[in-house]
Every structure is written in structure tokens, then in C-alpha cells.
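Residue numbering restarts at 1 for every chain, and letters A, B, ... go by the order of the sequence lines. Given the structure is predicted, the values throughout are model-derived calculations rather than measurements.
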Protein chains: 2
Amino acid sequence: MLDLGVIDRTDDRPPYRQIAAQLRRHISAGTLAPGEKLPSESELIEHFGVARMTVRQALQELRGEGLVVAEHGKGVFVRSAPPVRRLASDRFARAHRQDGKAAFLVEAEATGRKATVDQISVSTEAAPAEVAERLHLEEGARVVVRSRRYLSAGVPVEIATSYIPESIAAGTAITSTDSGPGGIYARIEEQGHELAHFTEEVTARMPTPEERKALQIGAGVPVMTLIRTAYDTDETPVEVCDTVKVSHAYVLEYDVPAR
Amino acid sequence: MLDLGVIDRTDDRPPYRQIAAQLRRHISAGTLAPGEKLPSESELIEHFGVARMTVRQALQELRGEGLVVAEHGKGVFVRSAPPVRRLASDRFARAHRQDGKAAFLVEAEATGRKATVDQISVSTEAAPAEVAERLHLEEGARVVVRSRRYLSAGVPVEIATSYIPESIAAGTAITSTDSGPGGIYARIEEQGHELAHFTEEVTARMPTPEERKALQIGAGVPVMTLIRTAYDTDETPVEVCDTVKVSHAYVLEYDVPAR
DNA sequence: AAGTGGTCTAGACCACGAG
DNA sequence: TCGTGGTCTAGACCACTTC
């Protein structure tokens, strides 16, 4: 059994922090291995002789640090580190596209992990202000909106939403859930918009509750947002893609010339 | 007064989420401006007719998102965002360096905010494994280590640590706290290493307690780490710079060719 | 059915900040 | 002193998972 110690009422730290510290100690020491189940709330209540809320506060602190995840009806488990995906800056090379591969699958190939996509939805909507600005459209102009979730080895790692001007997407497979070989970039080029370059805007923040749910992460795990704008050879923006990535699942790599 | 609505018992979401959503709505709409005080727990209890724990759970959700900060004895306040710094990928252009400007000051100039540097320290140490690998050095080789903290308009926004091989830095201003006009990159080029390009590796995580202190941020605010490696025209790595940035203070911009 | 975590109530005492 | 948030108790009912 785990050595959890006892509450020291003379300790400066409140009981819930002491309980959290005991559990944290076992996690960092490996006595509680990734994927392993923590003692249940009832067991902790009995062991420490405290009220349920006190135990829950301790567990919540650990959830906030991203150390554990609670599964309703099953228990609280030590978080297992998700796969790290390195995204190099050549991930949109045309060569890959001509092979019939979408960008995410190209990235996945390098890691050797099985990549899947689900929760695909496609609709036509009015462009949000931030999107309209990047696409050089009037606010409220119609855009095709494609949302999907990416998983690596079954673990959700990213949610993404693409916005394509209706003038480009109309009548193509872009408006279908299956965008065809090479993904939507191949379709955009078929419409006569040869892709020249992308800009990416990267920042990080805490996830909203909806994002936490979709990415299956606890509170306390940050996300990176990457807004990519694709330009054709006329410098016309042809797509905006807003992605939310589980931060510790990704390392973004960029190459910057010194000029 | 704020329009907070009422709890809808037929709503799928539990009351605490509905309360959080109401408050979040006012924050994102600006009705609750940065720095402004939220209604007190007592006021929320009375308004919504719920128990205190329910209100606290709602507030805790917002704290977890980094939207608000609680100050004991004073109240709960909308987090005031530090100035956002957009880092464009031309920020290391040689033209700026020849003007005698260091990179951080170039970035700062665009925002019009007053940039300062403090907590500068310089030492010579054995290279940590991750640094040695990037510099193509034996582990334990000697490197000059330069640490400093950057502030924008007096607010700490970034801490950075540079590692330069001793073979390049020895006998130059790189080993002084004042690295001279154009910063250390100018000194490195004077040593015959013309800079060709940089790689940047970006990820995000929660800060350590030390980082929280140095950056003056509360729990619940993530940081971005950016590890930059500088290469000369011979593809020899000449510097590794490890930076930790307050995430919502920065947007990193990159330009990626479609090839 | 039994065990788990999720949510909620209605109190209590404490520590901090401002007047 | 008073209002604020921080911590805690001792219950309750619910939803989910496993058997």
C-alpha cells in the first residue's frame, strides 16, 4: 500500500495541500506510475480523517497541475504523457500534397504513430471578424467552415477549424466532409490558386471548458493556438485555419533566415 | 448593474457552469473590463440563489482559465492583460543589428512601449545536455551563460538564457554584462561567424514557482518556451537561447514557404 | 447493486485588506 | 470592525462504470 502519512495540524500548509503533496510525491517518485489509479476519495477520506470536500480540493489541485485525470465512475488516474509531435516548418511542402497526403498525416508519418481524424463538420457561415480580416473579406461574408479533431494513437491532440472563402470553395469537395486526396490545399490549387506561403501566429492560453472536453485534458493544462493563413502566388489569402493544440503534445519548429 | 440572468434548471449545464458562462460573457464582451472587480461571492449567492460552494466552483473555473484572479480580502478581479508583443520573423534581420540595436529593442520599437532589461548575469559553466546537443558540443563543454529578464512598460514579459561556446565568446564583450552595440549577435559576427539562419522550437507549459515569481504571474497563467539556435554560414551552431515568455503577452509570427 | 466521481446544500471558523 | 476570499464539515442526490 502507499505510504500517505498523516495530516500535521501544526503544519503551515492547510490539510488539502498536505494531502496533495503526499500524492504528488508518489507521482513524481513513480510509486504512482502513469496510468495508475489513485486511492479513491472514500479511501483518502478514511485514511486522513477529513471531509470529502477536503480530499476533493487536494485532487483538484493535482488536476490543475495536469498530473492526474478524473474519470467519472472509474477513478482518478495518473496522467500518461501524450505523444510529442514535432511540427517542422516544411510540413506543407507541395511534394507531400502531390503524393495525396493531407498535412496532418504528413506530420504523423514522421512520428510513426497512428493518426486519425474525427468530429468532422462542414458548414457555410458568415465569417467572424478575425477571419474576415485575415481573408480580406467584408465582415459577414460567407465562408465554408470545416471543423475536425485530430488524434494521435487515439489520444486527442488538436482541434482545428478552417475557413475558406465561398468563392473558392463552392462546387468543390471542400464542401464535403471528405475533401479528397491531398486535402483542401490540393482542392484550392485546383481552383487556380497556387499556394505560395503561409503565415502562422502562435500563442498559448488556458483552454475553455469546451476545449478541455474535446481534447480530454484537465484544467491546468495549457493549449497553444496557431492561426495559419494561406496565400497564393498573387498574395491573395485563400484560407484561414485556427488550431488549438494540447501544448505538451507539440513542439513547433521554425526556420528563420538571418537575412 | 450587470445583467447576470438566472439559473435555468432545465439547462443541460449544471448551475455552476451557467454562472461561469454569464461572467465569462461579460468579460469577453468587455462589460467587465480588465482590472475590474467581479460581484462578490455574497452578491452572486444572493443573485442566483445558490450555495456558496456553487458560486466558488464557478469562480474557480474562471481562475483555471486565467480570466480572473482572486485577491484575499479584496475581491475577484478580471485579469489585466499585459501588453501584447507581436514577434515577427524578421526580428533578427541584419539591418537592425547594423543599426546597433539588439533584437529585443527592435521588437519593442514596433510596439512603442518602453522596453527594459534587468537581472543580467553572466557566467561560464558546463553546458547542460540539451544545450550541448544543439551546439554540437561534448556534454560538459564550457559555455558562456547569459541570463536576463525583459520588461515591457515595466511589466516582466520574458526571461532568457543564452549559451555561447567559450571558443567564440572568450575575450569578447559577450563575457561582460554589457555586450555592446548590436548585442551578442554583433559580437559573434565580429568573431568571423556570419549568421545565416535560426531555428526556433516553440512549446507551452505551466510555469515553475520560480518562473511565476520572476515573471510576476499567478497560478493559472501558462508560459511559452522558445529555444532558438543560431547558425552561421557554415551551418555551425553558434548560440542557443532559451526563453520563457508570459504566454498572453506574446504572439509569435512566422512565415512558412509552401515550397 | 455497488463503487466511483460530479454536483449541491447550509452552515462554520479563519486570514487578509480597507476604513 | 466589516467585507472579502480561504478552508472545512457533514451530510445529500445524481450520473457513470463495472459486475
May I ask you to check whether Phe48(A) and Tyr16(A) place their ring centres under 6.0 Å from each other? no
Separation of dG5(D) atom C1' from Leu62(B) atom CG, nearest Å, is 15 Å
If you look at every heavy atom in Val78(B) and Ala33(B), which pair is closest and at what distance? CB-O, 3.4 Å
Atom CG of Leu44(A) and atom C1' of dG3(C) are separated, to the nearest Å, by 14 Å
So Asp12(B) and Gln18(B), do their side chains get closer than 4.5 Å, heavy atoms only? no
What is the distance, to the nearest angstrom, from the CG atom on Asp12(B) to the P atom on dA15(D)? 11 Å
Residue set satisfying salt bridge (Lys or Arg N to Asp or Glu O under 4.0 Å) with Glu61(A), at least two apart, ordered chain then number -> Arg17(A), Arg24(A)
Given atom CD1 of Ile45(B) and atom C1' of dG5(D), what is their separation to the nearest angstrom? 11 Å
Round to a whole Å and report the spacing from CZ of Arg56(A) to P of dG6(D). 18 Å
Taking the inter-plane angle between the rings of Tyr254(B) and Tyr254(A) on a 0 to 90° scale, is it parallel (under 30°), tilted (30 to 60°) or perpendicular (over 60°)? parallel
Return each pair, listed once, that meets salt bridge (Lys or Arg N to Asp or Glu O under 4.0 Å) where at least one residue sits in residues 46-60 of chain A; pairs must be two or more places apart or across chains. Glu41(A)-Arg52(A), Glu41(A)-Arg56(A)
Looking at the side chain of Gln57(B), which of dG5(C), dT7(D), dT7(C) is the nearest nucleotide? dT7(C)
Roughly how many Å is it from CZ in Arg17(A) to C1' in dT7(D), rounded to a whole number? 11 Å
Below 4.0 Å: OP1/OP2 of dG3(D) and any side-chain N or O of Ser42(B): no
Let me have a per-nucleotide readout for nucleotides 9-19 of chain C, 5' to 3', with B, S or -, counting only protein heavy atoms under 4.0 Å. B--B--BBSS-
From dT7(C), dT4(C), dG6(C), pick the nucleotide closest to the side chain of Tyr16(B)? dT7(C)
Which listed nucleotide (dC8(C), dT7(D), dG5(C)) is nearest to the side chain of Ser40(A)? dG5(C)
